[in-house]
> 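This is the structure I have questions about; it appears just below.
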Amino acid sequence: MELPSSLKPCFLLLFVSCLLNVSTIISQSLKQEDVLFGGNFQALYVIGDSLVDSGNNNYLSTKVKSNFAPYGSDFEGGKPTGRFSNGKTIADYIAIYYGLPLAPAYMGLSEGQKNNISTGINYASASCGVFPATGKQLGECLSMDVQVNYFKETIDKNLKKRFKTKQELSKHLAKSLFMIAIGINDYVFLYNKTIDPNEFADKLLHEYMTQIQRLQRLGARKFFINNLKPLGCYPNTLARNVPSGSCNEGANLLISIFNTKLRKALAHFKEKLAYTSFLYSDYFKFMLGLRGPSSNQASSNLMDSTSPCCPSVYDGGQYTSCTPDSIACKVPDSHIFFDPFHPTQMANFMYAIGCFQERRFSSLLLPSHRCTISPSHRHAITPLHLFKLAVTELPLLCSSSPSRRHLTLATARLHSIW
């Protein structure tokens, strides 16, 4: 099957953007297609922070909102929805990949709507984290515990009405995907240099895994676990580093400690959680990969990896963000970051495709191994549904750029990392 020639420069991005490692950890002997999430899901339930918030903070009393332009400029209809990007989030692309509607924000649903939805709900809340106190300095937000509480309410008040028997409900939950993308804000708001990094990571991990256990007891069986981003390589940090544009390796090391412990904990849980599987996704490595070969120097990537699209003139301030008065760049797809804290739709798209492409051509491995693409598969043909996703989304993403040469050159830069 051949792509239109006009889309080939962009389509090449799909294959060279597989910079993350995706590891499958299983707790029982499941079919390979089930473990690798190759089948169909009935729903997508999202627990997370601003990386995947689809608009819950719109309904909370908080300073952390994105329900205004220029956010959403490339979303469906060009309207801001409360997503912290110019377009779709990685949770949106996962839903699209599995043929599901975009998971709506829980706080924006009426009771009647909740009763009628069986394809998933998004509980994610910007600025919040795993610890209850995280993010509260800026107003209301939904901590991981509160999000799981709302999911329990969804089961008790809504799903039990839709599924008449306990068996039907259990089957629905077992055939749903639970995406978890939370924890970075706990470092942003609560960590300081007087705290032992390992102790902080251990406490955070304990609370994190407590909530995973709760979800499992409620019926969740398949998890997409997003590890934490490289905090030291985001625009609000880069501008203050020396040399300017270089990553803060100390901050990244802190996050790496937690990510390592998280993966080990998931492997350990395979012994405790019956018929449960985890897809551990290395978002940390993916975001580092977008910068180029090295994270300890200013990036040479042809995609702008040091300054956000909004505001287009960035002063490097720790708290400077995208506001209703901000002027955004003209081509968001030329940036990795839309605002100083969040990726553009293009970066989200590349990450999602990277996940699916690498997962597709990986063998089922034990927890002690990592999952990598063999050289012969780096440019293999994607599955039909991945192809459809590419054809659906790429015209929108590519047409917004004045020149495809930029994307081609950026692709060549990414390819050199291999």
> Under the ring pair (Phe, Tyr, Trp, His ring centres under 6.0 Å) rule, what do Phe338 and Phe84 come out as? Steps first, then yes or no, please.
CA-CA 8 Å; Phe338 184 70; Phe84 287 79; over 10 Å; no
> So, does Asn58 use its side chain to make a donor-acceptor pair with the main chain of Thr81 at under 3.5 Å?
yes
> Whether the side chain of Ser85 engages the backbone of Gln345 through a donor-acceptor N/O pair (distance < 3.5 Å, no angle test) should be reported.
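Yes, because the side chain of Ser85 sits within donor-acceptor range (under 3.5 Å) of the backbone of Gln345.
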> Are Tyr98 and Phe41 an aromatic pair by the rule of ring centers under 6.0 Å?
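Yes, ring centres under 6.0 Å apart.
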> Can you list the steps and then say if Ile225 with Met179 is a side-chain contact (heavy atoms from CB on, under 4.5 Å)?
CA-CA 6 Å; Ile225 305 291; Met179 179 180 186; over 6 Å; no
> Angle between ring planes, Phe223 versus Phe278, binned at 30° and 60°: parallel, tilted or perpendicular?
parallel
> Cys310 vs Cys329, test: disulfide bond (SG atoms under 2.5 Å apart). Steps then yes/no.
CA-CA 6 Å; Cys310 180; Cys329 67; over 6 Å; no
> Does any N or O in the side chain of Asp53 come within less than 3.5 Å of the main-chain N or O of Ala126, such that one atom is a donor and the other an acceptor?
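Confirmed, Asp53 side chain pairs with Ala126 backbone.
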> Under 3.5 Å, side chain of Gln113 to main-chain N/O of Ser110, donor-acceptor pair present?
yes
> Do Thr260 side-chain atoms and Ser256 backbone N/O form a donor-acceptor pair below 3.5 Å?
yes
> Which atoms form the tightest heavy-atom contact between Pro308 and Pro340, and what is the distance?
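Nearest pair, atom of Pro308 first, then Pro340: CB-N, 3.7 Å.
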> Quick one: do Thr320 and Asp315 satisfy side-chain hydrogen bond (donor to acceptor under 3.5 Å, both in side chains)? Show the steps, please.
CA-CA 7 Å; Thr320 301; Asp315 61 9; 2.8 Å; yes
> I would like to know whether Tyr191 and Phe200 meet ring pair (Phe, Tyr, Trp, His ring centres under 6.0 Å); could you show each step before the answer?
CA-CA 8 Å; Tyr191 182 81; Phe200 186 88; 5.3 Å; yes
> Keeping the roles fixed (side chain from Arg221, backbone from Gln216), state whether a donor-acceptor pair exists under 3.5 Å.
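A pair under 3.5 Å: yes.
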> Is it true that a side-chain atom of Asn252 and a backbone atom of Gly232 form a donor plus acceptor pair closer than 3.5 Å?
yes
> How far apart are the closest heavy atoms of Ala347 and Ile336, and which atoms are they?
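What the structure gives for the nearest pair is CB-O, 3.6 Å.
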> Of all heavy-atom pairs between Asp49 and Ala124, which one has the smallest distance, and what is that distance?
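In terms of heavy atoms, the two residues are closest at O-CB, 3.7 Å.
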> When you look at Leu190 and Ile195, which way does the side-chain contact (heavy atoms from CB on, under 4.5 Å) test go after all the steps?
CA-CA 10 Å; Leu190 300 182; Ile195 302 174; over 6 Å; no
> Between Glu140 and Ser61, is there a donor-acceptor pair closer than 3.5 Å when you use the side chain of the first and the backbone of the second?
yes
> Name all residues meeting the salt bridge (Lys or Arg N to Asp or Glu O under 4.0 Å) criterion together with Lys160; count only those two or more places apart in sequence or in a different chain, and write none if there are none.
Asp156
> Is the terminal nitrogen or CZ of Lys114 (NZ for Lys, CZ for Arg) located under 6.0 angstrom from the six-membered ring centre of Tyr106 and within 45° of that ring's axis?
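Output yes; distance and angle both within limits.
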> Apply the test ring pair (Phe, Tyr, Trp, His ring centres under 6.0 Å) to residues Tyr351 and Tyr93: give CA-CA distance (whole Å), side-chain angles for both, the deciding distance (0.1 Å), then the verdict.
CA-CA 9 Å; Tyr351 175 63; Tyr93 283 120; over 10 Å; no
> Are the side chain of Asn56 and the backbone N or O of Asn122 linked by a donor-acceptor pair below 3.5 Å?
yes
> Could you go step by step and tell me if Phe258 and Tyr187 meet the side-chain contact (heavy atoms from CB on, under 4.5 Å) rule?
CA-CA 10 Å; Phe258 175 81; Tyr187 280 92; 3.3 Å; yes
> Strictly by modelled atom types, are Ser118 and His172 linked by a side-chain donor-acceptor pair under 3.5 Å?
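No donor-acceptor contact under 3.5 Å links the two side chains.
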> I need the minimum non-hydrogen distance between Asn57 and Val64, along with the two atoms involved.
ND2-O, 3.0 Å
> Please name the pair of heavy atoms, one in Leu231 and one in Thr237, separated by the smallest distance, quoted to 0.1 Å.
O-OG1, 3.3 Å
> Could you go through the side-chain contact (heavy atoms from CB on, under 4.5 Å) check for Lys261 and Leu204 one step at a time?
CA-CA 10 Å; Lys261 291 177 181 288; Leu204 182 62; over 6 Å; no
> Which donor-acceptor pairs under 3.5 Å do the side chains of residues 129-137 make with protein atoms, sequence neighbours left out?
residue : atom : partner : partner atom : Å
Thr134  : OG1  : Asp186  : OD1          : 2.6
Lys136  : NZ   : Pro132  : O            : 2.8
Gln137  : OE1  : Gly135  : N            : 3.3

> Start with the C-alpha gap between Arg83 and Thr89, add the side-chain angles, then the distance that decides, and say whether side-chain hydrogen bond (donor to acceptor under 3.5 Å, both in side chains) holds.
CA-CA 7 Å; Arg83 289 168 170 80; Thr89 68; 4.8 Å; no
> Go through the side-chain N and O atoms of Thr323 and Asp325 and say whether any donor and acceptor fall under 3.5 Å apart.
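Result is no, nothing qualifies.
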> Kindly write out the residues that satisfy salt bridge (Lys or Arg N to Asp or Glu O under 4.0 Å) with Asp145, not counting sequence neighbours, or none if the list is empty.
Arg214
> Counting only N and O atoms by type, is there a donor-acceptor contact under 3.5 Å from the side chain of His335 to the main-chain atoms of Thr344?
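Pair absent, no side-chain N/O of His335 close to backbone of Thr344.
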> Is Lys88 close enough and on-axis enough to Phe349, meaning under 6.0 Å and within 45°, for cation-pi?
no
> What is the minimum heavy-atom distance between Met144 and Ile47, and which atoms define it?
CG-CG2, 4.0 Å
